[in-house]
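Please read all numbers here as calculations on a predicted model, not as lab measurements. Note that these values count all heavy atoms, side chains included, but never hydrogens, waters or copies made by symmetry. Chain A is the first sequence line, chain B the second, and so forth, proteins listed ahead of strands; every chain is numbered from 1.
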Amino acid sequence: MPELPEVETIRRDLQKVILGKKIIRVCVHNPMVIREPSPAVFKNNLKGLVIKKILRRGKLLILELSNGSSLTIHLKMTGQLVYPGGSKNSRVAFHLSGGEILDFNDQRLFGELRLVDDWRKIKFVQGLGPEPFDLTYDDFKDMLSKKKTKIKPLLLEQSFISGIGNLYAAEILFRAKINPWRSASNLTDKEKKALYKEIKEVLNSAITHGGSSIDDYVRLSGKKGNYVKFHRVYGRQDKPCFVCKSLIKRITQGGRGTYFCPKCQR
DNA sequence: AATGGGACCTGCGCGC
DNA sequence: TGCGCGCAGGTCCCAT
């Protein structure tokens, strides 16, 4: 489940190997993942364009191209980018100059590829909240005080803050010692400060270690990310807390699994 | 505004 | 062995 750290890891990986390469040909093996324009136009218009810049906004990957348009990629749950690729199971294969292939794989077909004139105008992008690393503490504090929502679902809201998903929300709240049921506006200043600090630290550390390879996520090379060994709560239901030995709980909030330590997180 | 549910998909692990 | 079911969670959409 690629979240900000996984997408940023892929962005950095891509930057090292495909920047400046030309898209020679696009093979669409499953048109479902191409959301705009039509698959035929998508294929045709990408041909001959050079990859000029590789950006990330929230969990969205953006490849800016030589004619000013952009290829945007949302991996959703099971999307992967692999290079050098060439897998028979890929959904879309981008043949690049130099002879190698960039594969877009996606088991569950939730992923979204778009070719757009201006990525900033995509509805999804317009709805995104601030990037965690651009956010000042004062702004964050204000944002929290205006929300009565439970803090865990709030962290998942991309319009509130962009890039955090189910896994990192759990890890961040554990490290900030905040119970997932707490209301955002009721957090103490100390808790808000801890939360602000842990959002940056957890995401940063996860990027440093190449993201968390659970389920389908792999880096561009196909290798796994190493952050799973730093997980404190995610996926650790009924296992002892690393801090206090209480058993980690799994509850459901807004239809999503939430892992936490009932003793450390009050 | 907050909250809950279903939809999109598919493979996996479970119980029978 | 094999079948059906629930589950995983990013995002959108609808209902309350």
Side-chain angles (χ1 to χ4, degrees), chain A residues 1-11 28-36 56-62 72-81 87-92 104-114 116 119 121-129 131-132 142-173 180-187 203 206 211-218 225 227-228 231 233-238 248-260:
Chain A
M1 46 238 47
E3 305 178 27
L4 187 153
E6 288 74 32
V7 178
E8 178 62 17
T9 297
I10 293 172
R11 189 193 71 79
V28 178
H29 300 122
N30 193 319
M32 196 180 290
V33 297
I34 295 167
R35 308 303 169 121
E36 73 175 298
R56 178 191 58 74
R57 181 76 176 87
K59 301 172 194 170
L60 186 72
L61 206 50
I62 301 143
T72 68
I73 301 169
H74 201 307
L75 301 171
K76 293 284 182 87
M77 301 290 305
T78 55
Q80 301 176 329
L81 285 174
S87 160
K88 285 210 166 79
N89 296 322
S90 75
R91 305 303 193 179
V92 180
F104 175 73
N105 305 325
D106 190 5
Q107 178 105 233
R108 290 172 69 180
L109 299 170
F110 283 174
E112 301 191 351
L113 305 186
R114 291 169 202 277
V116 294
W119 62 267
K121 288 187 182 150
I122 297 174
K123 195 175 152 205
F124 170 76
V125 173
Q126 302 248 319
L128 287 176
E131 283 290 320
D142 283 350
M143 286 159 55
L144 286 173
S145 62
K146 286 180 196 141
K147 294 283 186 178
K148 289 177 183 163
T149 327
K150 312 275 173 286
I151 188 61
K152 154 62 161 54
L154 183 62
L155 290 177
L156 296 185
E157 244 175 70
Q158 302 300 296
S159 56
F160 180 76
I161 186 168
S162 56
I164 299 173
N166 206 39
L167 190 161
Y168 293 105
E171 294 300 318
I172 288 164
L173 287 176
W181 291 111
R182 294 281 301 283
S183 153
S185 57
N186 286 347
L187 296 177
L203 296 179
S212 300
S213 279
I214 49 169
D215 297 333
D216 290 27
Y217 167 72
V218 288
Y227 193 68
V228 176
H231 291 183
V233 287
Y234 189 85
R236 299 198 61 248
Q237 183 180 13
D238 297 331
I248 300 300
K249 271 196 170 174
R250 184 185 183 280
I251 55 169
T252 300
Q253 280 180 306
R256 301 247 120 61
T258 297
Y259 299 89
F260 73 107

Flag this pair as yes if the NZ/CZ of A/Arg250 is under 6.0 angstrom from the six-membered ring centre of A/Tyr259 and inside a 45 degree cone about the axis; otherwise no.
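Yes, a cation-pi geometry holds between A/Arg250 and A/Tyr259.
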Measure [atom1]/[X] against [atom2]/[N] and give the value in whole Å, please.
X: A/Asn105; N: B/dG11; atom1: CG; atom2: P; answer: 13 Å
X: A/Ile34; N: B/dC8; atom1: CD1; atom2: P; answer: 21 Å
X: A/Met32; N: B/dC8; atom1: CE; atom2: C1'; answer: 9 Å
X: A/Gln237; N: C/dC7; atom1: CD; atom2: C1'; answer: 12 Å
X: A/Gln253; N: B/dG4; atom1: CD; atom2: P; answer: 9 Å
X: A/Ile251; N: B/dT3; atom1: CD1; atom2: P; answer: 13 Å
X: A/Met143; N: B/dA1; atom1: CE; atom2: P; answer: 16 Å
X: A/Leu109; N: C/dA8; atom1: CG; atom2: C1'; answer: 16 Å

Indicate yes or no: at least one non-hydrogen side-chain atom of [X] is less than 4.5 angstrom from one of [Y].
X: A/Leu187; Y: A/Arg182; result: yes
X: A/Ile73; Y: A/Leu60; result: no
X: A/Gln237; Y: A/Ile248; result: no
X: A/Ser162; Y: A/Lys59; result: no

[N] to [M] separation - [atom1] atoms, rounded to the nearest Å:
N: C/dG9; M: B/dG13; atom1: P; answer: 16 Å
N: B/dG5; M: C/dC7; atom1: C1'; answer: 16 Å
N: B/dG11; M: C/dT11; atom1: P; answer: 22 Å
N: C/dG10; M: B/dA1; atom1: P; answer: 25 Å
N: B/dC9; M: C/dC3; atom1: P; answer: 24 Å

For the atom pair CZ (A/Phe260) and CG (A/Leu173), what is the distance rounded to the nearest 0.5 Å?
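Between atom CZ of A/Phe260 and atom CG of A/Leu173 there are 10.5 Å.
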Nearest nucleotide by nearest heavy atom, which residue falls closer to the 5' end of DNA chain B, A/Trp181 or A/Asn30?
A/Trp181
Among A/Thr78, A/Asn30, A/Asn89, exactly one meets side-chain hydrogen bond (donor to acceptor under 3.5 Å, both in side chains) together with A/Asp106. Which residue is that?
A/Thr78
Shortest non-hydrogen contact between A/Leu109 and A/Arg35, atoms and distance:
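Answer, listing the atom of A/Leu109 first, then A/Arg35: O-NH2, 3.5 Å.
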Can you check whether [X] has a side-chain N or O nearer than 4.0 Å to OP1 or OP2 of [N]?
X: A/Lys147; N: B/dA1; answer: no
X: A/Gln107; N: B/dT10; answer: no
X: A/Lys148; N: B/dA1; answer: no

Ring centres under 6.0 Å, that's the criterion: do A/Phe110 and A/His74 meet it?
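No.
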Using a 3.5 Å limit for the pairing distances, which stems of at least 3 consecutive Watson-Crick or G-U wobble pairs does DNA chain B take part in?
B:2-8 with C:10-16, B:10-16 with C:2-8
Report each atom pair, protein N/O against N/O of nucleotides 9-13 of chain C, whose distance is under 3.5 angstrom.
{"from": "C/dG9", "atom 1": "OP1", "to": "A/Asn166", "atom 2": "ND2", "distance (Å)": "3.3"}
{"from": "C/dG9", "atom 1": "OP1", "to": "A/Tyr234", "atom 2": "OH", "distance (Å)": "2.7"}
{"from": "C/dG9", "atom 1": "O5'", "to": "A/Asn166", "atom 2": "ND2", "distance (Å)": "3.4"}
{"from": "C/dG9", "atom 1": "N1", "to": "A/Arg108", "atom 2": "NH2", "distance (Å)": "2.8"}
{"from": "C/dG9", "atom 1": "N2", "to": "A/Arg108", "atom 2": "NH1", "distance (Å)": "3.4"}
{"from": "C/dG9", "atom 1": "N2", "to": "A/Arg108", "atom 2": "NH2", "distance (Å)": "2.5"}
{"from": "C/dG10", "atom 1": "OP2", "to": "A/Asn166", "atom 2": "N", "distance (Å)": "3.1"}
{"from": "C/dG10", "atom 1": "N7", "to": "A/Arg256", "atom 2": "NH2", "distance (Å)": "3.2"}
{"from": "C/dT11", "atom 1": "OP1", "to": "A/His74", "atom 2": "NE2", "distance (Å)": "2.5"}
{"from": "C/dT11", "atom 1": "OP2", "to": "A/Lys59", "atom 2": "NZ", "distance (Å)": "2.9"}
{"from": "C/dT11", "atom 1": "O4", "to": "A/Arg256", "atom 2": "NH2", "distance (Å)": "3.4"}

Between A/Arg57 and A/Glu131, is there a side-chain N and carboxylate O pair less than 4.0 Å apart?
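Yes, charged N to carboxylate O under 4.0 Å.
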